[in-house]
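First comes the structure, then the notes that go with it.
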Amino acid sequence: MQTLRLSDHLLPEFVESLKAWGTLWAPVERAPGVFDLEVIDDVRRARPDALRTILPFKKLLLKPRFTMLTGRLGEIPEDPGEGRHGPQVFFGAHACDIHALRILDLLHLSNFQDSYYLENRKNLMVVGYGCWPDERCFCASLDTSTADDGFDLFLTPLEGRMLVSVGSSLGDDVVRANPHLFEPATRQDTREYMERLGARRKAFTLSLDVTDLPYVLELKREDPVWREIGARCLCCGSCSMVCPTCSCFNVVDELVPQSVGQRVRLWDSCLFRDYAVVAGGHNFRADRADRVRNRYYHKQEAFVREFGVPSCVGCGRCIENCPTGINVVEVFGHVRGDL
Ligand code: SF4
Ligand code: SF4
């Protein structure tokens with residue numbers, strides 16, 4: 001992997017150059033302290049240092065709602081192309097985002113390939129940016145706090161400059177197209193990078209003990225804690241919507257004026273009351289406690305059994321956005337009997 005340096009004052013020019021590779025998405029500050037991932041034109045709005053955006057990057061791969069097919073009765077329906085996004089650049093991906101991408105790849109490209117996801121994924125350039133944890137980050141416990149691959153370029157901020165890791169031939173193309181922006185990294189850069197790495201490791205204050213967690217969960221399926229959390233949970237679905245790896249979706253057929261029909265795909269949540277309703281009206285998870293337990297078990301038990309890793313990257317979004325203060329780390333602490 002090639003490592004270069006980029007001076008801070010050249011960052012806007014670098015970000016501007018990324019537009020040549022596709023629609024440029026970056027975190028922007030919508031309101032004081034509130035960040036969102038948006039398409040940007042003015043690169044000075046980019047805030048790659050923002051710790052977490054409200055919605056994660058998954059909307060770049062599968063929009064919250066898009067029309068898959070449209071047509072009139074008796075006609076062959078057409079794909080209006082809403083679900084296919086063309087080339088896109090995700091600037092400001094954190095290490096946990098890069099790991100979440102890997103999890104989404106496992107989910108959408110392993111057993112049955114999701115053609116919308118596949119096309120958008122192939123067209124996505126990932127430019128990472130080194131973040132600094134807050135009190136809600138627990139990625140270090142899940143081994144997702146750093147990324148060795150899975151990006152095209154990765155920028156780590158140092159004093160007055162960035163260390164740039166080139167992670168793919170696409171990233172190399174960006175460097176070759178802008179040779180005046182980059183210099184070879186020096187020994188001093190490496191030294192500062194190592195110091196930052198050590199200090200960052202110590203900056204984590206939240207941790208999750210994942211030792212044998214799938215096995216522990218298997219033993220604790222009937223634990224009263226699930227009833228207690230079920231009583232607190234509103235099943236509002238906020239935690240699933242903001243989660244970078246939650247991928248439940250629904251497909252519905254709708255009639256719109258002039259007798260045009262459309263088939264729409266939209267984000268869903270296994271926490272919603274009707275998610276597990278089947279033909280005939282039976283609901284397999286009518287009880288809130290069952291739905292809450294299902295989400296936690298899917299992330300830390302079922303996904304591990306199927307793919308060998310949990311489908312949580314410790315980004316802290318669900319902790320930040322739960323209106324009743326349900327905290328995933330505390331939940332597993334209760335399950336283990338630690339709290
Ligand atoms: S955000 Fe909180 S209240 Fe809403 S569904 Fe998730 S755990 Fe339940
Ligand atoms: S479950 Fe919570 S902490 Fe884990 S990836 Fe999803 S939003 Fe982030």
Side-chain angles (χ1 to χ4, degrees), residues 27 35-37 50-59 61-62 64 93-107 131 133-145 147 150 204-210 213-214 217 225-248 267-276 285-304 307 309-335:
F35 298 91
D36 206 0
L37 196 55
L51 194 52
R52 42 182 97 79
T53 52
I54 305 168
L55 285 185
F57 65 86
K58 66 182 178 184
K59 65 181 182 180
L61 297 161
L62 294 163
H94 296 323
C96 65
D97 293 324
I98 291 164
H99 285 274
L101 257 174
R102 210 170 274 147
I103 289 166
L104 291 182
D105 288 351
L106 288 171
L107 196 70
C131 54
D134 72 359
E135 71 284 359
R136 291 181 179 126
C137 296
F138 58 101
C139 51
S141 306
L142 293 159
D143 216 12
T144 56
S145 66
F204 285 92
T205 53
L206 188 63
S207 64
L208 172 68
D209 181 4
V210 291
L213 193 51
L217 287 173
V225 72
W226 301 116
R227 299 256 138 246
E228 288 161 25
I229 297 164
R232 274 173 63 196
C233 175
L234 307 173
C235 284
C236 64
S238 297
C239 51
S240 341
M241 298 301 149
V242 301
C243 176
T245 63
C246 273
S247 305
C248 294
W267 289 5
D268 203 346
S269 170
C270 59
L271 288 157
F272 291 158
R273 190 189 57 197
D274 294 339
Y275 184 82
R285 287 190 292 272
D287 199 273
R288 274 191 292 162
D290 288 343
R291 296 201 290 280
V292 171
R293 180 176 59 183
N294 174 67
R295 180 167 185 269
Y296 285 106
Y297 272 67
H298 181 255
K299 292 210 163 290
Q300 292 286 355
E301 200 254 349
F303 208 86
V304 179
F307 295 113
V309 288
S311 64
C312 169
V313 294
C315 71
R317 278 191 181 82
C318 57
I319 301 174
E320 189 164 279
N321 289 287
C322 177
T324 62
I326 294 175
N327 178 320
V328 55
V329 174
E330 287 173 14
V331 170
F332 287 120
H334 282 295
V335 172

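One-based numbering, in listed order, for ligands and for the atoms of each. FYI, the numbering just counts along the sequence from 1. Fair warning: this is a prediction, and the values are worked out from it, not measured in the lab.
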In the protein, which heavy atom is nearest to [atom], and how far is it?
atom                    : answer
atom 8 (Fe) of ligand 2 : C315 SG, 2.4 Å
atom 4 (Fe) of ligand 1 : C236 SG, 2.3 Å
atom 6 (Fe) of ligand 2 : C243 SG, 2.4 Å
atom 3 (S) of ligand 2  : G316 N, 3.3 Å
atom 2 (Fe) of ligand 2 : C318 SG, 2.3 Å

Does V313 come within less than 4.0 Å of ligand 2, judged by its heavy atoms?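 Judged by the 4.0 Å heavy-atom criterion, V313 does count as contacting ligand 2.
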Assess R295 for proximity to ligand 2: is some non-hydrogen atom of it under 4.0 Å away?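 Contact check R295 vs ligand 2: positive.
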Of all the atoms in ligand 2, which lie at a distance below 4.0 Å from a heavy atom belonging to F138?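 Checking each atom against F138, I get 3 (S).
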In plain terms, say whether [X] and [Y] are close enough for a salt bridge, that is, a side-chain N and a carboxylate O under 4.0 Å apart.
X    : Y    : value
D36  : K59  : yes
D290 : R293 : yes
D97  : R52  : no

[X]: numbered ligand 1 atoms lying under 4.0 Å from its heavy atoms:
X    : value
L271 : 5 (S)
S238 : 1 (S)
C322 : 1 (S), 2 (Fe), 3 (S), 7 (S)
T324 : 3 (S)

Okay, side chain of [X], backbone of [Y]: is any donor-acceptor separation there less than 3.5 Å?
X    : Y    : value
S269 : G237 : no
H94  : A50  : yes
Y297 : L217 : yes
K58  : C246 : yes

Can you tell me if C239 has an N, O or S atom under 2.8 Å away from atom 8 (Fe) of ligand 1?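 Checking atom 8 (Fe) of ligand 1 against C239, no N, O or S atom falls under 2.8 Å.
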Applying a 4.0 Å heavy-atom criterion (strictly less than), which segment of C235 is in contact with ligand 1: side chain, backbone, both, or neither?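 Backbone only.
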